[in-house]
Structure formats: structure tokens, C-alpha cells
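This one's a predicted model, so the numbers in the text were calculated from it and none came from an experiment. To find a chain, count down the sequence lines: A is the first, B the second, and so on, and within it residues start at 1. For the numbers below, each heavy atom of this structure counts, side chains included, while hydrogens, waters and symmetry mates do not.
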Amino acid sequence: MKQFWSFIRKEFLHVFRDRKTLIILFGMPVVQILIFGFALTNEIKNSRIMVLDAAHDIQSSRLISKIQASRYFQVTQIVHNEAEIQEGFRGGNVNIAIVFPLNFGHDLESGERPQLQVLADASDPNLATALTNYVSNITADYQREIQKINTPIPTIVPEIKMMYNPQLKGAPNFVPGVMALVLLLVCVMMTAVSIVREKETGTMEILLVSPFKPILVILSKTIPYLFVSLINVGSILLLSVLVLDLPIHGSLLLLLLESTLFIITCLILGIFISVKTQTMQAAMLISLMGMLLPTMLFSGFMFPIENMPKPLQIISNIIPSKWFYIIVKSIMIKGLGWEAIWKETLYLLGIAVFFFALGMKNFKIRLA
Amino acid sequence: MASEIILDDIVKTYGKGKQLAVDHVSLQVQPGELFGLIGPDGAGKTSIFRILTTLLLADSGNASVAGLDVVKDYKAIRKIVGYMPGKFSLYPDLTVKENLQFFATVFNSDIQENYHLIRDIYVQLEPFKERRAGKLSGGMKQKLALCCALIHKPRVLFLDEPTTGVDPVSRKEFWQMLARLKEQGITILVSTPYMDEAGLCERIAFIQNGKILKTETPDQILKEFPDALYKIQSDNMYHLMELLKQIPEIKSSYAFGDSVHATIKEQGSQTVRQRLIDAGLPSLVFETTKPQIEDCFIQYLHE
Amino acid sequence: MENNYSISVDKLTKKFGNFTAVDAISFDVNGGEIFGFLGANGAGKTTAMRMLCGLSIPSSGKATIAGFDVYKETEKIKRNIGYMSQKFSLYEDLTVAENIQFFGGIYGLDRKELRDKSAELIARLGMEKDAKKLVNSIPLGWKQKLAFSVAILHRPEIVFLDEPTGGVDPLTRRQFWDLIYQAADSGITAFVTTHYMDEAEYCNRISIMVDGKIEALDKPAALKNKYGVNSMNDVFQHLARGASRSDL
């Protein structure tokens, strides 16, 4: 036991002596959260809209000011002909344009079918769809307002409620994603590299020729990264609650336990990679290509898995971060409990056990 | 008395048998002996060390350390040996003291327990004990590595090229330390590419291309040198060597420090001497000399 | 050219912060001379060599290599020297012929020159059969000889050899020195560091560095006379024992 402690002490010294890496280890989650939270948001705010108002009547100007008032749009340009609209799109200055025909107000008031042309830059199809939907909503809303005043005919008004994320904020999606990414990087890559480093410097040779159990050599190397990762979980949660205004709806304890399970799974993957590789370069490449990339692609954090072809959906099942992502989302955002996530937890546990067994099977008590 | 280290017909190949590293090597080292494995890089020395320290499995043959089989009893062997690999193998980001403490605990010991073993070496390191190991010079690194290998009072010590790349002063000190350790009864197997260090061992084995050329005490090896050895000197060494290559009576000739060492076919020494005088080489010296270990190794390489 | 020396060094100094690694060393090396550059680990040899090869700018002092200034003409210096070290010499995963072509190409040999020279070199080393073998499959001694030949392929004025024979067997070591002698005989200056003291005897002159300074510089025989000892090893032990920072 004394040996084990001495090992862990040494590992902590390695981690804390390497200032640059240390800054990256603890700085990475903070920077990622801030970048995702403020810069890379996929919420639509203040989209630039262009208006061609041929009608110039009360109705059209009221509708324009309603659009302007919404937080989705910002009227950046009032134009006078179609050519200017084309110009605006080509210059990339606007995302969307609205054209009011000459007799817009008259048609609306007289019960004719008033027309409104909406043009969107569909080079980003998701954005274009979202923006046109917003415009439709605003006009429908406006229509209801004036109908109430004029002739109160009963209409079906669907009441839409955005569950768990009423303001459609981006943060609920990426906080679990960043957590998965950061833990994966720290646990898989750092662990693998630090074990392989001992092979490269030749210290593994001495450690193997010692009475200390080789497997403990490896296990002790994971302890500091477990510690660092728990701190990272803490800092990510703190940031999301305090800075991003995203409260934890479910049980904090459950969230921490599940995080620990994911960390352990990642550490096991790190050990597995280190057992199979001989150089730090190889360990780093495998961690990045084999772990980080699939996490970005298949965890559902950046691309919805439901839209992927079946084979890719099946592949996504062996990516541990997918399950962790679902678990964190369920606890943190939906506020669900154990009964909702036990299946995902079992999957995660299964992956961990599988790779642990595989790693142990391949573990060598000698050099070659 | 049973031998402390036994290698019996050991063969080791790499790359699926393509590269022969150790070629039917048999060796015995007695308890308390300081035994030198002498040979150039790539001769198979490191493979032999790794087989004995249970790090590699031999293709065939048996080996034991302190009566323990290197395959079956590897756990027991790892408890009683000290090993200093050829490459610098300490943690460069840990201080001298942290390295020593770490290796002490790994081997279930502490610095105090066997301090008497390393005291002579450690006093030289003491002023630098808070310095990171990566910032030490070659000689100091090597002393620290020796301390780390010794800290658990091993019964058998394996030192793989401990003095490679180290300057002559540090090398001399290092061998003085080994002599003191030997007095403590520790069996030491050491390898070196420096022939001048061979004379400091009790027995040596010449090794080249995975084969043992000769195992003997240094004195006996010197005695067995078969020919008369001549030391030839001149102020123009290059021309002297070129000339010697053309004289048919010369069996072998090679530079040796400030002179040329040559062996001469029977009854040929007078002829050679005359040829050299005739050539008019400046300040010629021609005399017999005692062979050194390096002469013997070259002799075995020629055979 | 100010002088006819291959290497001319005057009070050359290199400081790192307040630590003086090389302390005002001065010496001259003649063309075609074999000059041994000895010193204990940490005495400042490597730092000095780096300055002479144009890899590191001195803190003060003067030096010319093949007539070129170490401050201003480092690119010209690099064209006129060859360098070989035990640690790096050849690409292990290229064949013998590919290595020769690569290094010849670096020094701007044209295609015809390259073809002639590499054929000649391979013939001289007796490696015709091995030209297509990967370097990592040929014996260490051959590698070293090949590396040396490649280092002087472009006929530099000076060749720097940093512990060229480390770990090589005694016979190959001597064959290696034959190559150095041949090169020196053809006018190439050889600047050699080594830990083998018998090799120090092979040099025309040697210098011994202690604590950043050159403590002795002369012919081997003269040094042995001066200190009244029989071998260079004893001379070295005598001088380097007094070093205060051999272990910094």
C-alpha cells in the first residue's frame, strides 16, 4: 500500500511539474464552455432582415415594427427595388428579406388574400428554415391580433411549449457535450500518453524489474487524471450554473456518480491504448482519431443521430460518450432520475468492463 | 558453490527469427563476482541483460539468477535484483531526492535502511538533491541511476553500459564504486564497450555478433595472447601504417594510441625492422610490448 | 581571408544568463590537421562545437571557420563543413544509396556529380552489394563509416566529428580512423571529440577543456611530457580532476 501511495505521489508530481499541460488541463473546460456559450451559439438572434415595402400603409409598417421588435430580427436595410434585394443577398449582408406588395394593407382589411413574399438565403438551410418559420409565426400572430379587433371568428390556436428548454437556448445541448469532450481528452489521451512516456524513457524497464505488481503501475497512473477530471466536472457545472444560467434540474449526486463512471470508462480506454502502443505519437493519434472524432460525430452533440443512416446509428452505440451525453442531458436538463437512465448506465458499464478485460488480456509483464 | 547467474545455451532472435541477437550463449557468474560483458554496440549485450532481468523471453535455452528460473520465478527475481538499463532511465521532471525516494519505496525499502550502500555515491549528489534529474550532467545522472538501482540492497546487480558517453574521470570514479560494492558481497554483471574497463573486472567475456568469443580472467586472457606483439612508432604515423600494410611478414597491424601494434610472422621481425629503417621514417621506435585487453579482443575478432 | 587557418578562434565566449558555458577560448587549427577536442561532461565542449558549426551565436569573441565569420556568415559556414555525430548520422529507413543521394542533394551536388561520387564512394567502402539495403539492416561499424563518407561527400574544408566511434568494436574503430587519416591526408581538417583516450593519441594536436576554458593544448606527446605521464588518459585525469563544475 505504501508503494501504491508513493506511486500516486509521483504521478501528481509529474502532472503538477508540467505547468503548460496543467494550464491546458484546467483551462480547456473553461475556455470551451465560454466559447460554446457565447461565440458558437446556434441560437438565432438579431438576424439581418431586409424590407421592401411597396405598400407603405399602416398595416405594413405595423408588421415591420413587430418584426423589428422581436429579438430574432434586426431590420438592417429598407430597399426600394428587387435589384437591391439581389444585391443584398449577394453581398452576404442579409439572411432574409420581406417584400410587401403594393396593396398589402388594402387586401388585409378587405378580406382579400393578402400576400407577403419572404426570401431567405438557403445556403445555410437550417438557418433559412428557422428564419422563415419565425416570420410566419410573427405574421400569424399579427393576423390574430387584428382579427380579435375586427371579427372574432374562433380559430385553433396551437399552444406550443418547448419542454425542458422553453427559451430554446443552445447551452443545454453543448454543456453535456463539452463535458464528454473534456473528460475524454483528459482521461483517454493524457493517461495513454503518460503511460507510453514511461516506455519511451525506459523507466518502464526498471519498474517492470521491481517487486511492484505491473498492473498497479498502470492503475496508479490513472489516479491523478481521475482527480483532475473530477475538478473539471465541478468547474464545468459551476460555469454552466453561474455564467450560462443553466440550473441542474436533477440530482447532483447522481450526476457526479455518472460522471465518475464515465471518467473510469475513459481511463480504461486510455490504459487500453497505452497497452497497445509503443510511442507517444501513436498514443496521441489513436486517442484523437479513435476517441475524439467519434465523440464529435456520434455522440449526438453536434449532429443528430436520428438523421444518420442506420449503419452509423449502430456504430454510435459503441461510443461511450453517446451514452454519457444522454445521461447528462436527462439528469441536468430534464431533471430525470435513475429510472430514466439505468439502461444507458448499463451500456457505459458494459463498455468499461469489456475494454478493461481486453486491456488486461493484452497487458504485458515483460518488454516484448 | 552454485553459480549466481547461469545462462545455458540461450538463443534470442527478433523479427520472427530473422535477426539473431543472442547466438547459443552459455555463461556462469559466481556469487560475489564482478563480471564484465565486453563488446561493441549490437553485440547482444542488452538482450542478455533483459533476459536475465526477466524482461524478455529467450527463444530457447535456460537461464537463472540466484537459483531462480527467469521464466518461472520472474516475480521472485524482480525482488532481488537491481537493474540499470543502458538508456538514462530516471524521471527527468523529478528531483534527485524524489527519484531516489520513489525507487526506494517501489522496492519496499527506504533511503535510511540501506544508506550505507549508497553513502559514498550519494554524498556527491547531495548538493544537487533538489535539482531535477533531467538537468544533471552525464556523470551525475549515471551516479543517481546507480543509487536508484542499489537502494534496496539487491543481491545481484545488472549494469548495462553504465559508462557509455561518460567522460574518463567519471568513468574511473564509477569503477571505484563498483569495487566497493563488490566488497559488500553483491554479484555484479556489467557490460561495457570500453576495453580499458575490462581489466577492472574479475572475469570477462568477449562478445561479438551475439556469440561469446572467450570467457576468462583478464590476466589469463593477456597470458594467452599467442604472438609476440611489437610496438612501432614514428612521427609520421599515417605513412607508417600504410607501409606496414605492404610488408608481407606482418600478420596484423593496427593503431594503438600513439603507436602501431603489430604481430609478425615467424622469423620475420628482422626483415620488418630493416624495411622500416630503409623507408627512412622519422624517429622510428621498434620494440616488443605487452599485449592489452584490446589487443586480445582484436585477436579474437580476427580468428 | 584574414589567415590561412581552417579554424581560428579568439576569446570565444558563450554565456547563458550569468553562467559562462564557454569562457574566452582561443586556438587555431591548420588545414588538414586532425584536432582532438576533449573535455569532461559539462565542460562546454558541445556549446563550443555549436558555435563553430554556426548553430549558435557567440556572446563575445571572434572566430572564423574556413575563413567565414561565425556571427555573420553562418550559412556559408554550413556549406563548407561536414558534420557527423554518433547520435544522428543517417536515415535508418532509407537505403544506403538513397542516403548518399539525399545528403549529396542537400549540399547542391548536381545529378551527374552525385551519380559519380556515390558510385565511387560505394566502391571505396566495398558496399556494392549493400547499396540497396536499408541502413538499419547493416552493421553499426559500416553505418559509421558510411556516415563519415557522406559527411565529406561535398568535400568540405572541415569535418566536425562528435564522438564518432562511440560503441563501435575495436577493429571497426581503427578502420574508421583510417578514413579520418585519409581525409586529412587529402587536405580536409578533422575536428574530433571522443571519450576514448587512445583515440586522442591519434590526433595531431589536442585541446582539453575544463570548466569552460582550454586548460591544455598541444601535441599528445608534448602533453604527456609536460605532465610526466605515460598516456593521454593520465593527462586527462590530471587536468579534469580539478574541475569544479564537471557536474553542472
- prompt: side-chain contact (heavy atoms from CB on, under 4.5 Å) between B/Leu56 and A/Arg366: does it pass, once the steps are laid out?
  reply: CA-CA 6 Å; B/Leu56 279 183; A/Arg366 295 173 208 278; over 6 Å; no
If one checks every heavy atom of B/Lys79 against chain A at 4.5 Å, the contacting part turns out to be both
Distance col, row A/Leu13:CG vs B/Phe102:CZ, nearest 0.5 angstrom, shows 10.5 Å
Nearest heavy-atom approach of A/Pro211 to B/Phe107 is CD-CD2, 3.3 Å
On a heavy-atom basis, the closest approach of A/Gln3 and B/Val106 is NE2-O, 2.5 Å
Yes or no on side-chain contact (heavy atoms from CB on, under 4.5 Å) for A/Arg17 and B/Thr95, after CA distance, side-chain angles and deciding distance? CA-CA 11 Å; A/Arg17 287 275 156 83; B/Thr95 65; 4.3 Å; yes
Check the pair B/Asp93, A/Asp18 against side-chain contact (heavy atoms from CB on, under 4.5 Å), reporting the backbone distance first and the verdict last. CA-CA 8 Å; B/Asp93 54 342; A/Asp18 189 355; 5.9 Å; no
Applying a strict 4.5 Å limit to non-hydrogen atoms, the region of B/Tyr74 in contact with chain A is side chain
Count the heavy atoms belonging to other residues, nucleotides or ligands that lie under 6.0 Å from NZ of B/Lys211, then report whether that count exceeds 12.
no
So, the part of A/Phe4 with a heavy atom under 4.5 Å from chain B: the answer is neither
Turns out that what part of A/Leu207 lies under 4.5 Å from chain B's heavy atoms comes down to side chain
Note: A/Lys10 and B/Leu94 closest approach over all heavy atoms is CG-CD1, 3.6 Å
Filtered by a 4.5 Å non-hydrogen cutoff, the part of residues 186-206 of chain A contacting chain B is A/Glu198, A/Glu200, A/Thr201, A/Gly202, A/Thr203, A/Glu205, A/Ile206
In this structure, NZ of A/Lys213 is separated from CZ of B/Arg78 (nearest 0.5 Å) by 12.0 Å
More than 12 heavy atoms of other residues, nucleotides or ligands under 6.0 Å from CD of A/Gln281: yes or no? no
Pairs of donor and acceptor atoms involving the side chains of residues 289-296 of chain A, under 3.5 Å and at least two apart or interchain, shall be tabulated with distances.
unit_1   : atom_1 : unit_2   : atom_2 : d
A/Thr295 : OG1    : A/Met291 : O      : 2.8
A/Thr295 : OG1    : A/Ser321 : OG     : 2.7

